[in-house]
J.: 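Okay, handing you the structure first.
Only heavy atoms go into these numbers, but all of them, side chains included; no hydrogens, no water, no symmetry mates.
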Amino acid sequence: MLKCVQSMLSLSFLVTFAACDAPPVPLDDLVIEKTFVPEKCVRAVKVGDFVRYHYIGMFPDGKKFDSSYDRGSTYNVFVGKKQLIEGMDRALVGMCINERRLIKIPPELAYGKQGYGEIIPPDSILHFDVLLLDVWNPEDGVQINTYYRPSVCSRKVEVSDFVRYHYNGTLLDGTLFDSSHTRMRTYDTYVGIGWLIAGMDQGLLGMCVGERRIITMPPSLGYGENGDGSDIPGQASLVFDVVLLDLHNPKDGITVTNQAIPEPCSRKTVAGDFVRYHFNGSLLDGTFFDSSYSRNRTYDTYVGRGYVIAGMDEALIGVCVGERRSITIPPHLGYGEEGTGTKIPGSAVLVFDIHIIDFHNPSDKTKVTVTFKPQVCEKLTKKGDFVKYHYNASLMDGTSIDSTYNYGKTYNIVLGANQVVPGMEDGLLDMCVGEKRHIVIPPHLGYGERGVTGEVPGSAVLVFDIELIDMEEGLPEGYMFIWNDEVSPDLFLEMDKNTDGQVEASEFTDYIMQQVNDGKGRLAPGFDPYRIIDNMFSNQDRNGDGKITEEEFKLKTDEAADHDEL
C-alpha cells in the first residue's frame with residue numbers, strides 16, 4: 001500500500017515529502033516521496049551505515065538512464081561518506097528496510113553543470129526509485145532477540161557443545177535463503193570451534209533446549225563481501241530464526257534424575273542380572289519415540305552385557321525393584337551419529353523414564369522366608385507327602401496373579417510329583433502344618449521365558465505368601481502302595497475269590513481297596529486310588545492277558561526297586 005505523508009524541514013536542507021494531491025515541487029529542492037513505508041521499522045539508516053538497495057534512475061520525462069535491477073545486483077555503499085552524489089547521500093538517511101522512496105535530486109546535488117559523460121547531460125534533474133534492502137554498521141555485532149524461553153532450563157549451550165537445531169534463514173528484507181524445516185532435518189554441529197559462521201557461533205551460545213531466538217548478524221560475521229555464491233549476496237546481513245532441539249557435549253556421561261527409590265531396597269541390580277522394566281522414551285525436546293507401555297509389556301534384558309545401548313546398560317546397574325528414574329543419554333552412549341533411521345535422528349540425546357518391575361540372576365535359587373512358625377513343629381514335609389496349602393501369588397511389583405482364598409479352598413499337591421513349578425516344590429519342603437512362608441521364585445524355577453498367557457509375563461519373578469493347612473505323609477520313594485501289617489503268606493489265594501487259579505482285575509481291585517479300608521495297607525496319598533491299583537495290576541500281569549496267575553504274581557521285595565506294585 002502506498003503511503004503519503006506531509007512535508008517536513010530537515011536539519012540542514014529542505015526535504016519536501018509529496019502529498020498525494022500535492023502540486024508540482026520546485027526543481028531546485030531535494031524532493032523525497034515515500035511510496036511505501038513498512039508497518040514496523042526496526043532500524044533506520046544513519047550516517048556511516050552501509051546499505052544495500054535497488055534503484056531505477058530516470059530523467060523527469062521518465063526516460064531510464066540506469067538501473068541496479070538490470071545489472072542483477074544491489075548497489076552497496078556507505079552513507080554520508082561522499083561515496084554517493086550528495087542528494088542520494090542525504091535521501092537515504094532515515095530509510096527503513098523495505099521502505100521505498102521516489103527521490104528527485106536537483107543538479108546542484110547531483111552531477112551539476114558537468115553532467116556524467118554521455119549518460120547524464122549537464123544541469124540534469126534526476127529521479128531515483130529506491131528500495132532499501134539492507135543496512136548495517138561496521139560497529140555492529142550479533143543481535144539476539146529471545147522470544148521464547150522454557151520455564152525450566154537446566155543447561156545452556158557452551159563452547160564445544162554439539163547442538164541440533166532448526167532454523168529459517170532470511171536476508172534483512174525477509175527474503176528466505178535457506179531453511180532446515182524444508183529439508184525436514186535439523187542442522188547438527190559443534191558450537192564455538194569454527195564449524196559455523198562467526199555470527200551463528202556467537203548467537204547459539206547460552207541457548208536452552210526449546211528456546212527460540214532471532215539472531216541477526218552483519219556480513220562481517222556472516223558470509224562477508226562475497227556472500228555464498230548463490231542465495232546470499234555479498235555484504236548481506238543475515239537473520240536466523242532458531243529453535244534449539246538438542247544439546248550435549250562429547251564429554252557427557254549419562255545423567256540420572258527424578259529418582260524414586262522404594263523402601264526397603266534389599267537388593268540392587270549388578271552386571272549379569274536379567275531385568276524387566278517399563279519405559280517411555282523421548283528426545284530432549286520432548287518428542288516421543290517409543291514406550292513399553294504402548295505395547296503392554298515390559299522390556300526384558302540382561303544388563304552389563306551389551307544387550308542394550310551403552311547408556312541404558314550403565315543406567316540399569318544399581319537399581320531396586322520398584323525404582324523409578326529419568327535417564328538422559330548422550331548420543332555417543334545411545335544411537336550415535338546415525339540414529340535409528342526412523343524415530344531417532346542422528347546425534348540425538350535420549351531421555352528414558354523407567355520403572356523397574358523385577359530382576360533376577362540366572363544363578364538365583366528360590367528364596368524362602370519363614371514369616372510364622374508354630375511352637376510345636378515336629379513333622380516336616382518331604383517328597384511324597386500330600387500337602388494342602390493356601391497362597392497369595394503376585395509379581396515383584398505387587399501385581400496380583402492368583403489366590404486360593406478367592407476360591408475358598410486349598411491347593412493340594414503331592415510333593416516331588418512335578419505338580420507345581422520347581423520353585424514352589426522347594427518352598428514347601430521341610431514345612432510344618434500352620435507354618436507361613438514368603439517365597440520368591442526366579443523365572444527359571446517358575447514359568448520361564450514364556451510365562452503363562454494372560455496371567456504370568458515371560459521371565460517374571462514370582463512371589464508367593466503361603467500357609468500350610470494340612471499334610472498327609474507320603475509313601476517311601478518308588479512305592480505307590482505299602483502294607484501296614486505283615487503280608488499274608490496266602491496273598492494270591494486270598495485275592496483269587498473264585499479259586500480258578502487266576503486273579504482278574506476286579507478281584508485285584510476289590511482286594512486292595514479292602515486292605516486300605518481295613519487299615520492293613522496304604523495307597524500313596526494325593527493320587528486317584530483306582531489308577532494306582534490299575535497300574536499295580538498291569539505290573540503283575542506279565543503277559544498282558546488281563547489276568548494274573550500265581551506264576552506271574554510277585555511281591556515288591558522280589559522285584560527291582562523301581563517297580564510300583566505289591
Side-chain angles (χ1 to χ4, degrees), residues 3 5 8-17 30-57 66-69 71 73-105 109-110 126-145 169-175 177 197-200 202-203 214-228 231-241:
K3 296 186 177 181
V5 297
M8 62 177 290
L9 186 63
S10 178
L11 293 176
S12 59
F13 58 96
L14 180 65
V15 181
T16 303
F17 297 147
L30 176 65
V31 179
I32 297 174
E33 180 183 340
K34 295 185 178 182
T35 56
F36 177 80
V37 178
E39 292 183 3
K40 188 175 181 180
C41 182
V42 178
R43 179 171 179 173
V45 177
K46 296 179 181 179
V47 173
D49 284 346
F50 190 92
V51 295
R52 293 192 310 108
Y53 62 92
H54 269 304
Y55 72 89
I56 299 174
D66 193 12
S67 171
S68 63
Y69 296 100
R71 291 193 298 273
S73 65
T74 56
Y75 195 80
N76 309 332
V77 69
F78 282 99
V79 175
K81 293 190 175 184
K82 297 184 179 182
Q83 295 179 359
L84 294 162
I85 57 176
E86 185 176 353
M88 186 64 80
D89 235 3
R90 295 180 181 181
L92 290 172
V93 174
M95 279 194 82
C96 302
I97 299 299
N98 288 325
E99 183 178 340
R100 192 166 185 174
R101 290 182 175 183
L102 179 58
I103 303 169
K104 301 176 182 179
I105 304 177
L109 298 179
L126 306 180
H127 290 186
F128 288 92
D129 185 352
V130 176
L131 174 63
L132 186 66
L133 301 179
D134 201 345
V135 55
W136 55 270
N137 194 282
E139 296 180 1
D140 285 349
V142 173
Q143 300 174 44
I144 296 173
N145 174 27
T170 63
L171 303 179
L172 209 58
D173 66 342
T175 301
F177 62 80
I197 55 176
M200 187 61 82
Q202 295 177 31
I214 302 293
I215 302 172
T216 306
M217 63 194 70
S220 59
L221 299 176
Y223 288 92
E225 296 182 5
N226 298 322
D228 71 345
D231 298 314
I232 300 175
Q235 299 289 24
S237 300
L238 306 180
V239 180
F240 290 91
D241 188 341

J.: Using 30° and 60° as the class limits, which term best fits the ring planes of Y53 and Y75: parallel, tilted or perpendicular?
T.: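 Ring orientation of Y53 relative to Y75: tilted.
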J.: Is there a side-chain contact between R52 and L171 in this structure, where contact means two heavy atoms from C-beta onward sitting under 4.5 Å apart?
T.: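 Yes; the side chains approach each other to less than 4.5 Å.
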J.: The criterion is ring-ring contact (aromatic ring centres under 6.0 Å, His included); which residues satisfy it with F240, sequence neighbours excluded?
T.: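 Testing F240 for ring-ring contact (aromatic ring centres under 6.0 Å, His included), a comparison that skips the adjacent residues, returns Y167, F177.
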J.: As an exercise, state the distance from CG of L133 to NE2 of H54, rounded to the nearest 0.5 Å.
T.: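 If we round to the nearest 0.5 Å, L133:CG and H54:NE2 are 5.5 Å apart.
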J.: CD of E225: more than 12 outside heavy atoms within 6.0 angstrom?
T.: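 Not more than 12 within 6.0 Å, no.
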J.: If every non-hydrogen atom of D140 is compared with every non-hydrogen atom of P218, which pair is closest and at what distance?
T.: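 Closest approach of D140 to P218, heavy atoms only: O-CG, 3.7 Å.
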J.: Can you name the salt bridge (charged side-chain N to carboxylate O under 4.0 Å, His left out) partners of D129, sequence neighbours left out?
T.: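 For D129 the salt bridge (charged side-chain N to carboxylate O under 4.0 Å, His left out) partners, ignoring immediate neighbours, are R100.
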J.: Distance from N145 atom CG to D241 atom CG, nearest 0.5 Å?
T.: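 Nearest 0.5 Å value for the CG-CG distance: 9.5 Å.
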J.: Do V239 and L172 make a side-chain contact, defined as non-hydrogen atoms from C-beta onward lying under 4.5 Å apart?
T.: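 They are in contact (side-chain heavy atoms under 4.5 Å apart), so the answer is yes.
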J.: My understanding is that only one of N137, D89, V135 makes a side-chain contact (heavy atoms from CB on, under 4.5 Å) with V79; could you say which?
T.: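 So the option named by the test is D89.
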J.: Please tell me if the side chains of S73 and S68 come closer than 4.5 Å, counting only heavy atoms from C-beta onward.
T.: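 Counting from C-beta outward, S73 and S68 never come under 4.5 Å.
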J.: Indicate yes or no: at least one non-hydrogen side-chain atom of M217 is less than 4.5 angstrom from one of I197.
T.: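 Contact flag for M217/I197 side chains = yes.
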J.: Could you tell me if the side chain of M95 sits less than 4.5 Å from the side chain of V130, heavy atoms only?
T.: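 Yes - at least one pair of side-chain heavy atoms lies under 4.5 Å apart.
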J.: How long is the gap from CG on D134 to CZ on F50, to the nearest 0.5 Å?
T.: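 The CG atom of D134 sits 8.5 Å away from the CZ atom of F50.
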J.: Mind checking whether L238 and L221 have side chains closer than 4.5 Å, heavy atoms only?
T.: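 No, every pair of side-chain atoms sits at 4.5 Å or beyond.
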J.: Kindly indicate whether the side chain of L84, heavy atoms from C-beta on, has any atom under 4.5 Å from the side chain of L92.
T.: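 Yes, their side chains come closer than 4.5 Å.
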J.: Any heavy-atom pair between the side chains of S220 and W136 that's under 4.5 Å?
T.: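 W136 vs S220: side chains apart.
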J.: For the residue pair I215 and G199, what are the closest heavy atoms and their distance?
T.: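 Scanning both residues, the minimum pair turns out to be CG2-O, 4.2 Å.
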